[in-house]
Every structure is written in C-alpha cells, then in structure tokens.
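What follows is a set of notes on a single structure, which appears directly below.
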Amino acid sequence: MTEDNHDENKLIVQRREKLTAIRAQRVAFPNGFVKEHSSAVLTQQYESKTKEELEELAIGATLAGRIIRMRGPFIVIQDGNAQMQIYINNKSFTGEQAEQIKSFDLGDIIGVHGELFKTGKGELTLRAASFELLTKSLRPLPDKHKGLTDTEMRYRQRYVDLIVNEQSRNIFQTRSRIMRFIRQYFESLDFMEVETPMMQVIPGGATARPFITHHNALDQDMYLRVAPELFLKRLVVGGFDRVFELNRNFRNEGLSTRHNPEFTMLEFYQAYARYQDLMDLTEDLFRKIAIEVGGSSKLSYQGSEYDFAQPFARLSVTDLIKQHCAVEDDSAFASTESVAALANSLDVHFDDAWPKGKILMEIFDQKVEDKLDQPTFITEYPIEVSPLARRNEENPEITDRFELIIGGRELANGFSELNDPEDQAERFKEQVAQKDSGDSEAMHFDHDYVTALEYGMPPTAGEGIGIDRLVMLFTDSASIKDVLLFPHMRLQQDQD
RNA sequence: GGGGCGUUAGCUCAGUCGGUAGAGCAGUUGGCUUUUAACCAAUUGGUCGUGCGUUCGAGUCGCACACGCCCCA
C-alpha cells in the first residue's frame, strides 16, 4: 500500500474522478470569490419578511459555504454556524452548468449569487442565478442525521467533528468567549497581561514532573514549564503590581478525563491583596462567567445544579476531614503519629517518610475531595505541601492558602504569597531533600527567585485557575478532551 | 498499573445455537423538480481492528496485541 491510497474507497475514487474532470475544464480550486453576505445576517434581517415583501424588495445576495444537505433542487449550505437553503434547479441551467449541479456532492464548498425568496413552506431561500464550485470535497461526510459519534474519530479528526456536530462547534465558541471575557475582566481590574518563559532552565511553581528538552546552541537541557508562578512573582518584585498570564502549562503525567499533558492555566498576582480577597474575586469571576455564557448565575453540570449567585462555602482541610471521616476532635491532627494512625484507620496508604501535612492531604484527596459537589473553598493547607505560600501568622503549621473545588474537581488554587526570602530558601531546601529521597514531583532550588525576593516583594496574593476544567464546567463536558480542539491521543500504529 | 466495555460498508448500527454478511443514511443510474430526515424505482459497496489458536467450518468461542471509552489505583 502506498501513502496515496491507504484508505481510499469507492466513494473517494468517484469524487477524484469528478475532480479530474473539473481540472480538465477550468481552475479546479478557484481563488478570489467574494463572499459578500452571511447566512446568519441575512436570516436575521429577512426571516420575518413575508413572501410578497421579499418579492418586492428583490434582495440580491452572494453567499458561500459547504453543502450539507441536498433535497432535489434544494441544497443547504453551512456558512459559519448558520445555514441557508439554496434553490438551484438543474433544469433552469443548461449544458456544463446543469452537469455541474448534478455532480455536486455533500461537503463541496460553493459560492452562489441570486435573489432571496420564500418557498411555499415559508423557508427563506436564495434562488441561484449563478454559482461556482469553489472547493471539491473528496471525502464523504458522516451520516447526515447521526453525525460523527465515534469518540476516537471526533478527537483524531476534529475537523470532521466540527463540520457535522454543532454541539462541538458550540463548545469551542463558548471556550473562546470565556477566554475573551477573562481577559476583559482582568483588564477592567487594571491587571496587565504578560508572557513569561515556557522553556525554563529550572522548572518551578508547582509540584509536578516536567517535560525535558534540549537547547542545542546553548548545549543545555531545558524544561517545559509546569507553571509560570515564579516568573510572575518576579514581575511583582519589578513593580508590576497586577499581572496575569493565560496560557499553556505542561506536565509529564498521565492522560485522563481531567488531565491533558498540556493544559491552559490562568495565573494572576495582585500586590497588597490577601488570599481572602482572591476568594472574593473568584466568586465574582465565576458568577460573571456563568452570566456571560448562559445568561444566568445558575448552571447544570453532569446532573448537579450550581448557583454562583450564592457565596461559596469556606472550610478548612481539617474541618472537612472531620465532617467526612467521622473524626471527633482535633487531637487526631496533633502529631505525625496521630495523623498516620488516622490514615491507617481510613485505609489511606502513605509513605512512612512523608511529613504530617502530606499524609493529611493524602487523606483529604482520597476521602474528601471528590465528595465535595457544591462550590467550596478549602483553606488552611499544611505548610509541607505549600512551599510557595505564606505561613499563617497564628499557626505556623498551615499556610494562607485555598483551593476551589466544584463537582469534586479542583478548579483553582491560590494563596497569600510567601515573600520572606529566608523562609523561601528554607522551603526550597526541604523540597530538594524530598527530591533527593525520590519524589520526582518535588521542586528545584531556584536561587535567582530567592534573590528576587531579597530585593523585596510587596505583600501579594496569587491564584491559578485551570481553564480547561472551567470550560468543562460551563459547557457541561464530561471529559477534558471535549474542550480541547486537538487532545493528545496515542499514535495509531500502521497495520501494514 | 488493575478491571469492565467496545472495534462489522464512507457514517450510524443489527448480526440468534459456530454454518459462509444485513439495514438506514451516503453513493451510482433513472424519474420527479417550491422540498424540509424530500419522494419514487433500480443498484453498487465488506481483509468483520491485527495475529495466533480451537473446529469440518469462526463476525460469533479462546489467547495475545493495538486503539478507544468507562471505573479503580
């Protein structure tokens, strides 16, 4: 088998023959057709006119789009997210033009000029006075009623999915609208959008395994960033008091319905703010996105109902463990031994070398997180799992940090930033110790970042919001792949 | 990593007890030509994911592998 015909079938052969015939007569893929109107606008302007009014107005229009239906002399073209019916009777044309109409296939892209009218059944229709085949489609479209439902094909050939599945187009249009709204929202609050390195010599800002690459000219290994955090805070040191970045992160981890190796993150930092301010901001942002996307503060996700007009619950890690694990009082959290005993009693597995806070979070992750349906801010994260967060002034074991959980999924993570350079240096040392003892997700020591803090970072709060999961929430999508245009898939092996 | 389910025509899917492959849509030919999942008549289309095995005989049973989906870790 050759590359050219590896999946050719009779339907494609027939279309290729049509294309060959077209090539013999004229330019097969003509350029320069001027599409003067759009189906969406014409429909909006003239849908309400009567048959008689349209006849009197004699509206001329020039449209272009992909043929998605053929019903005798009627064909329907898809033009953006709208459609327009064209009346194009081959009996009204002669010779080569009549033959061209007969040879149209579903999927072909045509340009049409004519006058608008209403059919006997009242549908706004363009009567073709002239037409031009702009692009011959060589591959048959999926079933016109059922569309393309095979999930694997929808992800691998997203272009086909987008042609035939309106629902899929809607998701990505909503995603775009959310991205635009977030930018406007932060700009309205005087945040500045910035771009920081995606290729980093020291990967920092999150506990996660990075992708490694190599820069030839510098002969130096580099990492794709797992987070932009440390660079954004350097900018706060530099005097940009409100910054945000909305772009891709990369983590060398497994794929799931909630994980893709590259994913989009919003991170923002606000000087002279505390983590409580960011919780307020987050509630406001989610409420406004809900209204922007769905026109209401209420939304339904995978069978659960949320109302973002209501304040989100704010509960500490230990509060929630007490609630969900039938723990009576705080003595269970007093020492490493007592927390380990609690983990054992709940059948939560942990490594004996882990510090108390890490065992505590393992309990939380396994026994609490996915049970939290309604929006909840989790607060009072242990210091051992929060190496970049500010230590709480009253309780040195916890940080001024929160995560937002909705529908059992982590949507956001924020905290008052650690701006004490000496404390930060100690935290990096602990991370390096964990890395040396085999934790591939632990952080590197970033000396330059400590240097930046030594110049002085104002009291600051920062947050990251997972945009893919946020889009899942607002589009009622069960899998992250449904909100990624081109999700990562395993390479299909050649079966030759 | 473990378990479950799936993979049959271009698409969406049937396929009974293991007996030699079916439908709708799309396509082709003709008719109709203001239709609405257009209609009428005729008709084409298959390495049943890949490989091995059991069997006189495998889409169907077994094993392995590939890819996907779901659940668990």
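Convention: sequence-line order gives letters A, B, ...; per-chain numbering from 1.
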Does the B/U34 base have a donor-acceptor partner in the side chain of A/Thr125 within less than 3.5 Å? no

Give me the distance, rounded to whole Å, that separates B/U43 from B/G22 when you measure between the P atoms they each carry. 15 Å

Is there side-chain contact between A/Ile406 and A/Phe286, with heavy atoms separated by less than 4.5 Å? yes

Is the glycosidic angle of B/C17 within 90° of 0, making it syn, or outside that range, making it anti? syn

Tell me yes or no: between the side chains of A/Ser168 and A/Asn165, is some donor less than 3.5 Å from an acceptor? no

When the P atoms of B/U16 and B/G6 are compared, how many Å lie between them, rounded to an integer? 13 Å

Aromatic contact, A/Tyr223 with A/His444 (centres under 6.0 Å): yes

Sticking with atom C1', work out how far B/G19 lies from B/G27, rounded to a whole angstrom. 32 Å

Rounded off to whole Å, could you give me the CD-to-P distance for the A/Glu253 and B/A73 pair? 17 Å

Please report, rounded to the nearest Å, how far the P atom of B/U12 is from the CG atom of A/Leu141. 12 Å

Does the ring pair (Phe, Tyr, Trp, His ring centres under 6.0 Å) test come out yes or no for A/Phe211 and A/Phe250, once each step is laid out? CA-CA 7 Å; A/Phe211 285 93; A/Phe250 307 86; 7.0 Å; no

Just the rounded figure in Å: distance from P of B/U44 to NZ of A/Lys10. 9 Å

Counting only distance, no hydrogens or angles, is the base of B/U33 paired donor-acceptor with the side chain of A/Lys91 under 3.5 Å? yes

Among A/Arg139, A/Lys136, A/Arg69, A/Arg16, exactly one meets salt bridge (charged side-chain N to carboxylate O under 4.0 Å, His left out) together with A/Asp105. Which residue is that? A/Lys136

Checking N1-N3 plus N6-O4 or O6-N4 for Watson-Crick, or N1-O2 and O6-N3 for wobble, each under 3.5 Å, the partner of B/U43 is B/G27

With a 4.0 Å cut-off, would you call A/Arg156 and A/Asp150 a salt bridge? no

Where do A/Leu342 and A/Ala332 come nearest, in terms of heavy atoms and distance? CD2-CB, 4.4 Å

Relative to the ring of A/Phe104, is the ring of A/Phe131 parallel (under 30°), tilted (30 to 60°) or perpendicular (over 60°)? perpendicular

Could you tell me how far B/C65 sits from B/G1 if I compare only their P atoms? Round to whole Å. 12 Å

Taking the six-membered ring for Trp, are A/Phe377 and A/Phe312 ring centroids under 6.0 Å apart? yes

Would you indicate, yes or no, if B/C69 has its OP1 or OP2 atom less than 4.0 angstrom from a side-chain nitrogen or oxygen of A/Lys481? yes

In whole angstroms, the gap separating P of B/A26 from CG of A/Asn9 amounts to 16 Å

So, is A/Arg490 close to the B/C67 phosphate, meaning a side-chain N or O under 4.0 Å from OP1 or OP2? yes

C1' atom, B/G59 versus B/U47: distance in rounded Å? 12 Å

Please tell me which of A/Lys18 and A/Asn90 maps to the more 5' nucleotide of RNA chain B, matching each residue to the nucleotide holding its nearest heavy atom. A/Lys18

Which residue, A/Asp150 or A/Gln85, contacts RNA chain B at a nucleotide closer to its 5' end, judged by nearest heavy atom? A/Asp150

Interatomic distance where CZ belongs to A/Arg127 and P belongs to B/U33 [whole Å]: 17 Å

For A/Trp354 and A/Phe350, take the angle between the two ring planes, folded into 0 to 90°, and tell me which bin it lands in: parallel under 30, tilted 30 to 60, perpendicular over 60. tilted

NZ/NE/NH1/NH2 to OD/OE distance under 4.0 Å, A/Glu397 and A/Lys356: yes

For A/Leu148, answer base if it contacts any base atom (sugar-phosphate contacts may also be present), sugar-phosphate if it contacts only those atoms, and nothing otherwise; contact means non-hydrogen atoms under 4.0 Å. sugar-phosphate

Neighbours of RNA chain B within residues 154-172 of chain A, by heavy-atom distance under 4.0 Å: A/Tyr155, A/Arg156

Do the ring planes of A/Phe445 and A/Phe428 sit parallel (below 30°), tilted (30 to 60°) or perpendicular (above 60°)? tilted

Would you mind telling me which of B/C67, B/G27, B/U35 lies closest to the side-chain atoms of A/Leu11? B/G27

Taking CE from A/Met153 and C1' from B/U12, how many angstroms apart are they, rounded to a whole number? 12 Å

Restricting to non-hydrogen atoms, name the atom on A/Ala64 and the atom on A/Lys35 that form the minimum distance, rounded to 0.1 Å. O-CE, 3.5 Å

Nucleotide N/O of nucleotides 29-31 of chain B paired with protein N/O under 3.5 Å:
none

Choosing from B/U35, B/U34, B/C69, which nucleotide comes nearest the side chain of A/Thr151? B/C69

Considering only heavy atoms and no angle criterion, is a donor-acceptor pair shorter than 3.5 Å present between the side chain of A/Glu123 and the base of B/U34? no

Do the side-chain N and O atoms of A/His37 and A/Thr62 include a donor-acceptor pair separated by under 3.5 angstrom? no

Taking B/C71 as the reference, what is the distance to B/C63 when you measure between their P atoms (whole Å, please)? 25 Å

By the Watson-Crick or G-U definition, both distances under 3.5 Å, B/C69 is matched with B/G4

Grab the CD-P distance between A/Gln366 and B/C71 for me, whole Å please. 17 Å

Using a cut-off of 4.0 Å on non-hydrogen atoms, how would the nucleic acid contact of A/Thr257 be classed: base, sugar-phosphate, or nothing? sugar-phosphate

Among B/G68, B/U28, B/C70, the one nearest A/Ser479 by side-chain distance: B/C70

Does a side-chain N or O from A/Thr149 land closer than 4.0 Å to OP1 or OP2 of B/U12, or not? yes

Integer angstrom distance from the C1' of B/G30 to that of B/A66: 46 Å

Let me know the distance between NE2 of A/His349 and P of B/G1, rounded to the nearest Å. 19 Å

Are A/Arg127 and A/Phe117 in a cation-pi setup, meaning NZ or CZ lies under 6.0 angstrom from the ring centre and within 45 degrees of the ring axis? yes

Nucleotide nearest A/Pro140 (side chain, heavy atoms from C-beta), chosen from B/C69, B/G10, B/U34: B/G10

Pairing partner of B/G62 (Watson-Crick or G-U wobble, both distances under 3.5 Å): B/C52

Mind checking who B/U34 pairs with, Watson-Crick or G-U wobble, both distances under 3.5 Å? none

Between B/G53 and B/G4 - P atom distance, rounded Å: 25 Å

Restricting to nitrogen or oxygen on both sides, can you table the protein-nucleotides 37-40 of chain B pairs closer than 3.5 Å?
| unit_1 | atom_1 | unit_2 | atom_2 | d |
| --- | --- | --- | --- | --- |
| B/A37 | N3 | A/His145 | ND1 | 2.3 |
| B/A37 | N3 | A/His145 | NE2 | 2.8 |
| B/A38 | OP1 | A/Lys144 | NZ | 2.6 |
| B/A38 | OP2 | A/Arg71 | NH1 | 2.7 |
| B/A38 | N7 | A/Gly72 | N | 3.2 |

